[in-house]
Structures are given as structure tokens and as C-alpha cells.
Amino acid sequence: MALHSRLHALSVIHDQGIMPLFYHQDAELGKEVLRACYAAGGRLLEFTNRGDFAHETFRELNVFARKELPDMVMGVGSINDAATAALYLQLGASFIVSASLREDVALVCNRRKVPYLPGCATLTEIGRAEELGCEIVKLFPGSVYGPEFIKSVRGPQPWTSIMPTGGVTTEIDNLKGWFSAGAVCVGLGSQLIGKSVLSDRDFSGLTDNVREALRVAKELRS
């Protein structure tokens with residue numbers, strides 16, 4: 001089961017404002033990524049369900065985090081069906097993310113009191129997700145919709161919490177656009193944990209990048 005409660009996981013997502021997205025089949029490399037993010041003050045990470053035996057890698061990383069980085073809230077993204085969601089929940093995922101709205105996944109997550117962040121692109125989808133108990137919805141791909149979409153949605157629905165992913169960069173102007181529009185958090189994948197970081201094993205550089213992204217996010221939202 002999840003180490004962190006539903007309320008705590010949602011609180012960390014809201015407070016941190018930056019959700020690093022990461023996948024690599026090498027669990028040892030993944031542990032270094034977790035250490036680097038943690039050293040920067042990061043307490044949130046989405047492991048992307050990608051590649052064969054990805055769940056085995058996640059299990060090893062989550063066991064490691066529980067022992068060495070106990071405040072790290074680890075979730076899993078790219079979940080497209082209830083069975084896969086249940087598998088990762090059994091491995092201790094603290095939240096589940098998908099690219100589209102999957103009602104079967106929402107039901108499984110609700111039964112286990114774990115946050116579900118579904119991908120939504122219309123007001124109808126957002127409304128249905130909220131009816132299913134989703135506190136935060138994912139806007140994907142963010143580059144297609146842009147900050148104006150979030151601003152327009154939150155006009156009539158100021159209670160709606162949206163996390164854009166895709167099209168988000170670490171540049172100040174880019175982050176400012178999203179947060180000014182009302183994004184509660186942004187998902188950052190290769191823009192934050194890039195291929196060069198992994199190939200060069202530049203974990204100190206990753207720590208610097210994550211620390212700066214968190215600083216900028218906090219400043220822009222204050």
C-alpha cells in the first residue's frame with residue numbers, strides 16, 4: 001500500500017508545484033536520480049510506466065526510497081487500465097497519472113484512497129473527472145492547449161486544479177505563463193531530467209537544476 005496518505009500526496013503536489021517525470025530501465029541509475037532530486041529539496045516524482053518490466057524497476061526504486069528517502073512521494077504515470085493501476089498500487093504507488101480519463105482507474109484508486117490525476121482536455125472531461133473524485137487533472141499535451149486553456153477553465157470553475165505536462169520547460173517565462181494562468185503544478189520530463197544528465201551521470205547538475213526549478217516555482221507562485 002501507499003506509504004503516504006491521499007491528503008499528504010495531494011498536499012505535496014500543491015506545495016511543490018514541480019513534478020519531475022522520469023523513466024529508465026536501470027534501477028541503480030534511477031536511485032541516483034532520486035537522490036539528486038531529494039538533495040535539491042524535491043519530495044515528488046512520477047515514474048513513467050514505459051518499457052518491459054517497468055513495474056519491477058519501480059518496485060526496486062520505491063523500496064529504496066522508503067528506506068533512504070522516506071519523505072519522497074512516488075507515483076506512476078502512463079497508466080491506461082485498472083489492472084495496471086492495481087499492480088502499481090500493490091507496489092506502493094502514492095498516486096496514479098494517466099494521459100486520458102479512465103473511469104476504471106479512478107474507481108480502483110478511490111477504493112485504495114490514492115490520488116488519481118487523469119488527462120483531460122475538455123470541460124466535460126474535467127467535470128466528469130471531478131465527479132469521480134479527482135482533485136487534480138492533468139492537461140496533456142500542454143503544448144497544444146497552452147496557459148490560456150487553464151485560465152479560461154478556471155474562470156467559471158475556480159475550484160478546478162490543473163497540472164499541465166508536455167510543453168512545459170524550465171525557462172522562467174514558460175513557467176510564469178503556466179502559473180499565472182492558475183496551474184497548480186507542472187510536469188517536467190526531459191526538460192528537467194534530460195538524456196545528457198543520464199548519459200553523463202551528472203547528478204550534481206541535476207540537483208542544481210531541480211533546486212532552481214523549485215525556487216523559481218515558489219517565487220512565481222508567492
Side-chain angles (χ1 to χ4, degrees), residues 2-4 8-9 11-51 53-78 88 91-95 97 117 138 142-143 163-179 183-222:
L3 175 64
H4 304 284
H8 178 73
S11 177
V12 171
I13 294 172
H14 276 270
D15 292 345
Q16 185 160 300
I18 298 288
M19 181 183 289
L21 282 60
F22 168 77
Y23 170 77
H24 198 282
Q25 68 274 17
D26 184 346
E28 293 305 315
L29 186 147
K31 292 174 185 178
E32 294 301 326
V33 169
L34 286 173
R35 280 197 185 98
C37 292
Y38 204 79
R43 297 296 183 265
L44 179 69
L45 186 132
E46 176 191 318
F47 179 83
T48 306
N49 176 43
R50 184 184 304 155
F53 310 110
H55 66 287
E56 295 183 3
T57 304
F58 174 78
R59 178 190 179 280
E60 187 170 345
L61 293 179
N62 206 24
V63 169
F64 164 78
R66 289 189 177 202
K67 292 179 179 178
E68 304 294 333
L69 318 169
D71 292 330
M72 179 65 79
V73 178
M74 287 191 63
V76 182
S78 297
Y88 277 102
L91 297 176
S94 289
F95 61 89
V97 184
L117 287 67
K138 171 181 175 178
S143 57
M163 181 186 77
T165 302
V168 180
T169 73
T170 56
E171 296 176 357
I172 293 179
D173 287 344
N174 184 277
L175 292 174
K176 183 178 181 179
W178 291 112
F179 288 128
V184 67
C185 184
V186 297
L188 278 166
S190 59
Q191 291 288 336
L192 185 63
I193 309 176
K195 291 182 178 179
S196 61
V197 168
L198 302 179
S199 61
D200 298 341
R201 303 183 73 84
D202 182 16
F203 302 118
S204 62
L206 176 58
T207 294
D208 292 340
N209 292 341
V210 172
R211 182 180 291 116
E212 177 64 9
L214 292 173
R215 184 195 67 79
V216 171
K218 182 177 181 179
E219 183 177 294
L220 291 174
R221 298 191 302 160
S222 63

Separation of Leu188 CG from Glu46 CD (nearest 0.5 Å): 11.0 Å
Rounded distance [0.5 Å steps], CG in Asn62 versus NZ in Lys67: 11.5 Å
Spatial distance of atom OG (Ser94) from atom CE (Met72) [nearest 0.5 Å]: 11.0 Å
Exercise: identify the closest heavy-atom pair between Phe64 and Leu69: CE2-CD1, 3.8 Å
Pairs flagged by side chain to side chain donor-acceptor pair (under 3.5 Å) wherever residues 33-45 is involved - sequence neighbours left out: Glu32-Arg35
Pairs flagged by salt bridge (Lys or Arg N to Asp or Glu O under 4.0 Å) wherever residues 196-207 is involved - sequence neighbours left out: none
Nearest atoms (heavy-atom pairs only) where Gly92 meets Arg66: CA-NH2, 3.6 Å
Sequence-distant partners of Arg221, side chain to side chain contact (heavy atoms under 4.5 Å, CB included), two or more places apart: Phe179
Partner set under side chain to side chain contact (heavy atoms under 4.5 Å, CB included) for Glu56, not counting sequence neighbours: Phe53
All side chain to side chain contact (heavy atoms under 4.5 Å, CB included) counterparts of Thr207, not counting sequence neighbours: Ala36, Ala39, Ala40, Arg211
Would you tabulate the side-chain donor-acceptor contacts of residues 18-26 under 3.5 Å, counting partners in other chains and residues two or more places apart, or write 'none'?
{"unit_1": "Tyr23", "atom_1": "OH", "unit_2": "Arg50", "atom_2": "O", "d": "2.8"}
{"unit_1": "His24", "atom_1": "ND1", "unit_2": "Asp26", "atom_2": "N", "d": "3.0"}
{"unit_1": "Asp26", "atom_1": "OD1", "unit_2": "Glu28", "atom_2": "N", "d": "2.9"}
{"unit_1": "Asp26", "atom_1": "OD1", "unit_2": "Leu29", "atom_2": "N", "d": "3.4"}

Pairs involving residues 167-178, ordered by first then second residue, that meet side chain to side chain donor-acceptor pair (under 3.5 Å) (sequence neighbours left out): Asn174-Trp178
Side chain to side chain donor-acceptor pair (under 3.5 Å) partners for Asn49, two or more places apart: Tyr88
Nearest heavy atoms of Ser143 and Gly167, plus distance in Å: CB-CA, 3.7 Å
Val76 and Val97, any side-chain heavy atoms less than 4.5 Å apart: no
Close side-chain approach of Thr165 and Val186, heavy atoms under 4.5 Å: no
Distance in Å, Phe47 CZ paired with Arg59 CZ, rounded so as to fall on 0.5 Å steps: 13.5 Å
Partners passing side chain to side chain contact (heavy atoms under 4.5 Å, CB included) against Val184 (at least two apart in sequence or in another chain): His14, Ile136, Ser161
Any residue meeting side chain to side chain donor-acceptor pair (under 3.5 Å) with Asp15, in chain and number order, not counting sequence neighbours: Ser11
Point-to-point distance, once rounded to the nearest 0.5 Å, from CG of Leu45 to CG of Leu61: 8.5 Å
Distance (rounded to the nearest 0.5 Å) between Leu192 CG and Cys37 SG: 6.5 Å
Residue pair Met74, Leu44: steps toward the side-chain contact (heavy atoms from CB on, under 4.5 Å) verdict: CA-CA 6 Å; Met74 287 191 63; Leu44 179 69; over 6 Å; no
For Phe95, all residues meeting ring pair (Phe, Tyr, Trp, His ring centres under 6.0 Å), sequence neighbours excluded: none
Pairs where residues 203-222 contributes a residue and the test ring-ring contact (aromatic ring centres under 6.0 Å, His included) is met, not counting sequence neighbours: none
Side-chain heavy atoms of Val168 within contact of Gln191, under 4.5 Å: no
Exam field: side chain Asn209 to backbone Ile193, donor-acceptor pair closer than 3.5 Å: no
